[in-house]
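Model, not experiment: these values are computed from the prediction. Both backbone and side-chain heavy atoms feed into the values below; hydrogens, waters and symmetry mates do not. Starting from 1, each residue takes its place in the sequence as its number.
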Amino acid sequence: MSRKRTRLSSEEEMSGKLLEMGSGEQNGSETSFTSSTNLPPTDSIQSLQTAAPFSTDPIAIAERERCHYGRIPRAAALAGTAPRRVRVYSDGIYDMFHQGHARQLQQAKTVFPNVYLIVGVCSDSLTHSRKGRTVMTEDERYEAVRHCRYVDEVVRDAPWEYDEEFLDKHKIDFVAHDDIPYTTEDCEDTYAMIKAKDMFVATERTEGVSTSDIVARIVRDYDIYVRRNLARGYSAKELNVSFLNEKKFRLQNKMDELKDKGKKVMTNIGEKRVDILTKWEEKSRELIDAFLLLFGPDGRLSSIWNESKGRLMQALSQPPSPRSSPPPSENGDSHSHSPTHSILHFRGSASPPPPKSRRYETLWEAQAGNWMYRALNVLGSRKRPYSAS
């Protein structure tokens, strides 16, 4: 606790010294703060505490009136030997203020050792007529720029082209912008006059970042952003969405919510997932064992099937034919050599009763023999009168 209090007290003392020290007005000119300990100047601390003023605010007017205007040569500005802060002007539309804008303003702020950065923002009417529709309104764009820490002053309704009157009014020493020629209907380069006066300072654009790229992303992922805003409470009318599309997007949101809930449930299970998998594995083994016990080669169903099959075969098997003595002949000889007696004697000796374990083939043979026996009896009865005569 004591170390924390010591650190806080030291920070308070340092901030008090920074507020006491700083740039002061000497002989009508403002000098910059310079410290051997490389501490930030007082104006930097103030810029972090408050937003940059507009050019019509009293603090900006006072700053402009204190400045004894005479354009500072480039060599003196680069060397840091100017009698006052170098007033650098940078302008733009700054729609959907992003890191590319901030980096461009940072370059303009640090192009010379001691810079007072003035940023001009074009109005909606001028921008829509010259470049096209913006996403943010002019007031939103003004506020976005004046809250950037590199900006010292904001000029509202900035002009598209410059003239001497505008430069003198704001006491501008240099104009910072990227070195891409901006053409209009009247001239091929808007900054031609600034370059001719050696007042132009080139800055670099940030590759891959622009307002047009951000708008293209929104158009590409239109459905995603509409669904997000519907989920946040925006109405279909505010988003310019039809009734059917609204229902479709809301259904998709519901499906995504169900998916997220499912993922959360699985995530909240955590360590219990291992127990669930273990129990599932044990249950699966029990099911497999029960299946094999029932349907396996030595299982209960196989035994039941074999027993049932044996009983079925026994029920379908032909019972053995009884052995009957041959009928006596007319001369009393029991061993008659008539055709019928020979056939009966042959069948009785060659066709033993079928065993119980025969399959369907044995059953078929027995049935076929029975049919043949009947047929021969019929034929034999028809031939007897003919043979007796």
Side-chain angles (χ1 to χ4, degrees), residues 14-15 17-55 59-92 94 99-121 145-155 158 162 166-179 191 194-206:
M14 183 179 296
S15 61
K17 291 180 180 179
L18 290 174
L19 291 175
E20 291 176 0
M21 301 173 64
S23 60
E25 187 173 350
Q26 298 177 0
N27 299 326
S29 63
E30 185 178 344
T31 58
S32 62
F33 174 83
T34 306
S35 174
S36 60
T37 58
N38 295 326
L39 295 176
T42 306
D43 58 346
S44 298
I45 298 175
Q46 294 294 336
S47 65
L48 296 178
Q49 295 176 352
T50 59
F54 292 112
S55 60
I59 186 172
I61 296 173
E63 174 69 23
R64 191 162 52 250
E65 290 177 351
R66 284 198 304 268
C67 174
H68 295 279
Y69 185 57
R71 293 175 184 171
I72 298 175
R74 185 182 294 270
L78 290 172
T81 58
R84 55 174 176 82
R85 287 195 289 178
V86 181
R87 295 173 66 88
V88 177
Y89 177 81
S90 180
D91 64 344
Y94 302 106
Q99 59 170 330
H101 297 143
R103 288 182 178 180
Q104 188 267 334
L105 296 178
Q106 181 188 23
Q107 295 176 42
K109 178 70 174 178
T110 59
V111 68
F112 301 122
N114 189 15
V115 171
Y116 181 85
L117 182 59
I118 308 169
V119 180
V121 182
V145 172
R146 71 189 294 250
H147 282 84
C148 178
R149 64 176 179 172
Y150 307 115
V151 180
D152 297 307
E153 182 181 327
V154 174
V155 177
Y162 309 106
F166 179 80
L167 298 176
D168 293 339
K169 176 182 178 181
H170 295 280
K171 298 182 179 180
I172 297 172
D173 297 315
F174 294 93
V175 176
H177 206 276
D178 59 84
D179 198 12
Y191 301 96
I194 302 297
K195 293 177 181 178
K197 293 179 175 291
D198 195 22
M199 297 174 59
F200 185 80
V201 178
T203 57
E204 296 180 0
R205 297 176 64 91
T206 303

Exercise for the section: To the nearest 0.5 Å, tell me how far Arg74 CZ sits from Asp198 CG. Expected result: 4.5 Å
Exercise for the section: Verify the neighbour count for atom CD1 of Ile59: are there more than 12 heavy atoms of other residues, nucleotides or ligands below 6.0 Å? Expected result: no
Practice task
Rounded to the nearest 0.5 Å, what's the gap from CZ on Arg103 to CD on Glu204? Could you check?
Solution key: 11.5 Å
Exercise for the section: Answer yes when Asp168 and Arg71 have at least one side-chain N-carboxylate O distance shorter than 4.0 Å, and no when they do not. Expected result: yes
Problem - Arg205: salt bridge (charged side-chain N to carboxylate O under 4.0 Å, His left out) partners, not counting sequence neighbours - result: Asp178
Handout entry: Val88 vs Tyr116 side-chain heavy atoms within contact, under 4.5 Å
Key = no
Problem - Steps toward side chain to side chain contact (heavy atoms under 4.5 Å, CB included) verdict (Arg66, Arg84) - result: CA-CA 10 Å; Arg66 284 198 304 268; Arg84 55 174 176 82; over 6 Å; no
Exercise for the section: Walk me through it: do Phe174 and Ile194 pass the test side chain to side chain contact (heavy atoms under 4.5 Å, CB included)? Expected result: CA-CA 8 Å; Phe174 294 93; Ile194 302 297; over 6 Å; no
Completion exercise
Distance col, row Lys109:NZ vs Asn114:CG, nearest 0.5 angstrom, shows 7.5 Å
Practice task
Given side chain to side chain contact (heavy atoms under 4.5 Å, CB included), test Tyr94 with Leu105 step by step and report yes or no.
Solution key: CA-CA 11 Å; Tyr94 302 106; Leu105 296 178; 3.5 Å; yes
Practice task
Enter the distance from Asp179:CG to Phe200:CZ here, rounded to the nearest 0.5 Å.
Solution key: 5.0 Å
Exercise for the section: Could you check whether the rings of Phe166 and Tyr89 sit parallel, tilted or perpendicular, using 30° and 60° as the cut-offs? Expected result: perpendicular
Practice task
Answer yes or no: is there a donor N or O on one side and an acceptor on the other, between the side chain of Arg64 and the main chain of Ser55, under 3.5 Å?
Solution key: yes
Practice task
Check whether NZ of the Lys or CZ of the Arg Arg146 lies under 6.0 Å from the centre of the six-membered ring of Phe54 and within 45 degrees of that ring's axis.
Solution key: yes
Completion exercise
In this structure, NZ of Lys197 is separated from CG of Leu167 (nearest 0.5 Å) by 7.5 Å
Problem - Modelled atom types, side-chain donor and acceptor of His177 and Tyr191, under 3.5 Å - result: yes
Handout entry: Exceeds 12 heavy-atom contacts within 6.0 angstrom, atom NZ of Lys169
Key = no
Handout entry: Smallest separation among heavy atoms of Ile72 and Ala77, with atom names
Key = CG2-N, 4.0 Å
Handout entry: Any donor-acceptor pair under 3.5 Å from Asp152 side chain to Leu117 backbone
Key = yes
Fill in the blank from the handout: OH of Tyr162 to CD1 of Ile172, rounded to nearest 0.5 Å, is 7.5 Å
Exercise for the section: Report the C-alpha distance between Lys171 and Ile118 in whole Å, list the side-chain angles of each, state the deciding distance to 0.1 Å, and finish with yes or no for side chain to side chain contact (heavy atoms under 4.5 Å, CB included). Expected result: CA-CA 10 Å; Lys171 298 182 179 180; Ile118 308 169; over 6 Å; no
Exercise for the section: Scan side-chain atoms only and decide if Gln104 and Ser90 contain a donor-acceptor pair under the 3.5 Å cut-off. Expected result: yes
